[in-house]
Structures are given as C-alpha cells and as structure tokens.
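Count residues from 1 along the sequence. Scope of the values below: all heavy atoms of this structure, side chains included, with no hydrogens, waters or symmetry mates.
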Amino acid sequence: MVEEDKRTLGELNNVGMGRFDRQVGRSSKHGGTNQPKIALLEARKWALAELLAAGFDEAESLDNIDFLLTGALKVNYGMLRANLTRMMPNWLAERWPSWIAGLVQGKPAQYVIGEAPFYGRDFLVDERVLIPRPETELLVDWILNDLKRSPIQSERPTVLDVGTGSGAIALTLAAEQASLTLTAADISRDALAVAWENRKRFQVENRVKLVESDLFEALGDKRYDIIVSNPPYIRKNGQDEMDESVVAYEPDLALYADHQGLALYEAMAKQLADYLQPGGRAYFEIGYDQGTVLKKIFQDELPQAQVDLKQDLAGLDRMIRVKLDGNKNIK
C-alpha cells in the first residue's frame, strides 16, 4: 500500500490527493478540454432537483443518484460522501445530463449506467436482460453452502443454469468455485450476448459454456450434478403488483409465464430426472406466494425426491431445492 492510501478520508479530502483522485482522474476520449467544471455536490443537487420536479420520491432519487456516482467513479458510499466537494471528471460531466434524463423517464439506474452489482461483482446489464436481485444472491449462497457441506463426488462437478440472462448465477458460481464446469442456457440470443460479455469480463470462458436453448431442449442427453434456474415466474396479469420501471423496461420474456407463473417449473419438473445425475440437486428461485404449490408440483413428479423450501430475509418462500436421492446430510 502506498503512503497516500494510508490517509484517512478526511485527509484525502483536505489534501486533494490519493486514491479517490486516481480513480476519478482517468482520461477519456469523450472528455473535452472546454468541459465546464462542476463539483460532485452541485451535480448531485442538480440531479435531485430534476427528479423532484418530475415527481419522484426524494429518498429514492438520492439512492439512484448515489448509485450512479459510486458506480461510475468506482468508490464506496463513504468515499463519495467524503469527497463531494471534488470536481466531477469531464467524462462523467458529459454523460450526467443524459443519465439523469434516463432516471426522469423512469429507466432503472442499473440500465442507465449499464451495470448492476451481484455477489460482490459488477455485471453488465441492459434492457436485454433482467437486473440481478439480492434475493438471487441467497440462491447462490444456498448452492455454495451445500457444496461445502456435501461436496459433489466428482473431480469436475457440472452445473446447468437454465435461463441464465446476464449470467449472474452461472458466472458467480464459476468465480466462487474453481472446480465447477458450467453450462449457461437461455432461449434469448440477446440475453446470451450479454452473458458472453460478462463471461469475458470475469475471465471464465474456459469453464462456462453458453447455449441457446428453450429449457432443456438443446442440451441432448447430458446430465448435470447441479441444475439451477431463476425462470420467469410472474403471472401475466400480475403487473399491478410490479414496479412501473420493471414493467416498462425489463424484458417480458424473462418476467412472465403461463399458468399463473408456474408453467416453466411444471415443464422442468417433468424433465428434471432426465437431466440430473443420480443424487443430483436442483435449485430454483420462486415467487413469494408459490412455495406450497411448487413443492407439491415437484414432489408429485418426483415422489422419491426430497423437496425443501427456503425463505428470504423477509421470511417469504423464495427458493426451492430438489434432491433426487433425498440425502438427509444436507439441511
């Protein structure tokens, strides 16, 4: 660690040197020498005024503004607040009005900046894929914790991610567990293009294969040790319960499913035994009100399997696990 990095945030702010300057002082081909100078604080105030004038909530607006600033500058919230008197870099000042215009139009902040955090990494996202949610991190946690408690008896355990979208689940598993080899499948070629970029970003091309497939359709007769899926599960008349920005901007193909949102689970339950290795495990993210009915669907199709529900931090059913061998060693 260089001497400048040992300074406190206050010292960095007073001296005008150090890590923050190095992070925001990068050059850009978009930056112009005649770019007007504006402090981060003033840019933040202007953005808030624009959003308030458009009728947005103040707290939510500040959250979105700070999300853009920390994401663009690659600093944490504490570092941002300690350095708001600094000048906004030229490359960001050029983009700032159009970014705020996007927020005014209701565009999710993650799409505005083109990135979304997931499991400690920044994934590229745009309107071709869903924005990764914190609830899905719990699904990844469940898989990784099970692997620790009851490792797959294979030198290179195989994982299939059905409906990979941006690749958040598959690529996180690959990054967190070097022994895994993964196949990430999606019906959307556009989504796979985003996953391809993220696979390159995290340098796991040699362990993650991307496949265009409608559920298991293009996967042949290959079996996997683990199958995971966060499929579309919103009923087609469920838009009244959804955030307006989700309805307007996130892809319908990744949101809605027939039969009250259950159709894809039903299809996968019927085929699961054909694609899981003996003793394999499958994990699914589910809607908060679907736990009881989905547990029955999987149990009816796979009578010998052990089917478990898991709740999110709010105590709502959010995940389901299907173990073909009913292995009691995993709780």
Report summary line: Between the CG atom in Leu144 and the CG atom in Leu180, the distance rounded to the nearest 0.5 Å is 8.0 Å
Query raised in the report: Given Val322 and Tyr283, is the side chain to side chain contact (heavy atoms under 4.5 Å, CB included) satisfied, shown in steps?
Result: CA-CA 6 Å; Val322 181; Tyr283 301 79; over 6 Å; no
Query - salt bridge (charged side-chain N to carboxylate O under 4.0 Å, His left out) evaluation trace for Glu301 with Lys296 - result: CA-CA 8 Å; Glu301 290 290 343; Lys296 184 177 187 305; over 6 Å; no
Query raised in the report: About how many Å separate NZ of Lys310 and CG of Asp141, when rounded to the nearest 0.5 Å?
Result: 9.0 Å
Query raised in the report: With a 6.0 Å cut-off on ring centres, are Phe284 and Tyr233 close enough?
Result: no
Query raised in the report: Between Leu73 and Trp91, which heavy-atom pair has the shortest distance, and what is it?
Result: CD2-CZ2, 4.3 Å
**Report entry** For Arg235 against Gln260, the heavy-atom pair lying closest together
**Finding:** CD-OE1, 3.1 Å
Report task. For side chain to side chain donor-acceptor pair (under 3.5 Å), just list the numbers for Asp221 and Tyr275, CA-CA rounded to whole Å, side-chain angles, deciding distance to a tenth of an Å, and then say yes or no. Result -> CA-CA 7 Å; Asp221 57 1; Tyr275 290 93; over 6 Å; no
Requested in this report: Check the side chains of Ser61 and Asn64 for a donor-acceptor pair under 3.5 angstrom, ignoring hydrogens and angles.
Outcome: no
**Report entry** Six-ring centre of Tyr224, Lys222 cation under 6.0 angstrom, axis tolerance 45°
**Finding:** yes
Query raised in the report: What residues form a salt bridge (charged side-chain N to carboxylate O under 4.0 Å, His left out) with Arg156, not counting sequence neighbours?
Result: none
Query raised in the report: Between the side chains of Asp243 and Ser245, is a donor N or O closer than 3.5 angstrom to an acceptor N or O?
Result: yes
Requested in this report: Apply the test salt bridge (charged side-chain N to carboxylate O under 4.0 Å, His left out) to residues Glu250 and Arg133: give CA-CA distance (whole Å), side-chain angles for both, the deciding distance (0.1 Å), then the verdict.
Outcome: CA-CA 13 Å; Glu250 300 200 46; Arg133 263 60 175 195; 2.7 Å; yes
**Report entry** Gap separating the CD atom of Gln177 from the OG1 atom of Thr172, nearest 0.5 angstrom
**Finding:** 13.0 Å
Query - Side-chain heavy-atom pair Leu68, Trp96 within 4.5 angstrom cut-off - result: yes
Report task. Determine whether the side chains of Arg86 and Asn83 contain a donor N or O and an acceptor N or O closer than 3.5 Å. Result -> yes
Query raised in the report: Under 4.5 Å between side-chain heavy atoms, hopping through other hydrophobics if needed: is there a path connecting Val129 to Met242?
Result: no
Requested in this report: Would you please classify the geometry between the Phe118 ring and the Phe123 ring as parallel, tilted or perpendicular, with 30° and 60° separating the classes?
Outcome: perpendicular
**Report entry** Close side-chain approach of Thr158 and Thr183, heavy atoms under 4.5 Å
**Finding:** no
Query raised in the report: Does the side chain of Asp225 come under 3.5 Å of the side chain of Gln277 through a donor N or O and an acceptor N or O?
Result: no
Query - Shortest non-hydrogen contact between Gly287 and Tyr265, atoms and distance - result: N-OH, 4.4 Å
Report task. Calculate, to the nearest 0.5 Å, the distance between atoms CG and CG belonging to Asp57 and Asp63 respectively. Result -> 8.5 Å
Query raised in the report: With a 3.5 Å cut-off and no angle check, do the side chains of Arg121 and Tyr119 form a donor-acceptor pair?
Result: no
Requested in this report: Following the transitive rule for hydrophobic clusters with a side-chain heavy-atom cut-off under 4.5 Å over Ile, Leu, Val, Met, Phe, Trp and Tyr, establish whether Leu309 and Leu316 coincide in one cluster.
Outcome: no
Query raised in the report: When rounded to the nearest 0.5 angstrom, what is the spacing between CZ in Arg318 and CG in Leu313?
Result: 10.5 Å
Query - Point-to-point distance, once rounded to the nearest 0.5 Å, from CG of Leu324 to CG of Leu276 - result: 5.0 Å
Query raised in the report: Any chain of hydrophobic side-chain contacts (each under 4.5 Å) joining Tyr288 to Leu262?
Result: no
Report task. Answer with yes or no whether the hydrophobic clustering places Leu51 together with Leu92; edges join I, L, V, M, F, W, Y residues whose side-chain heavy atoms lie under 4.5 Å apart. Result -> yes
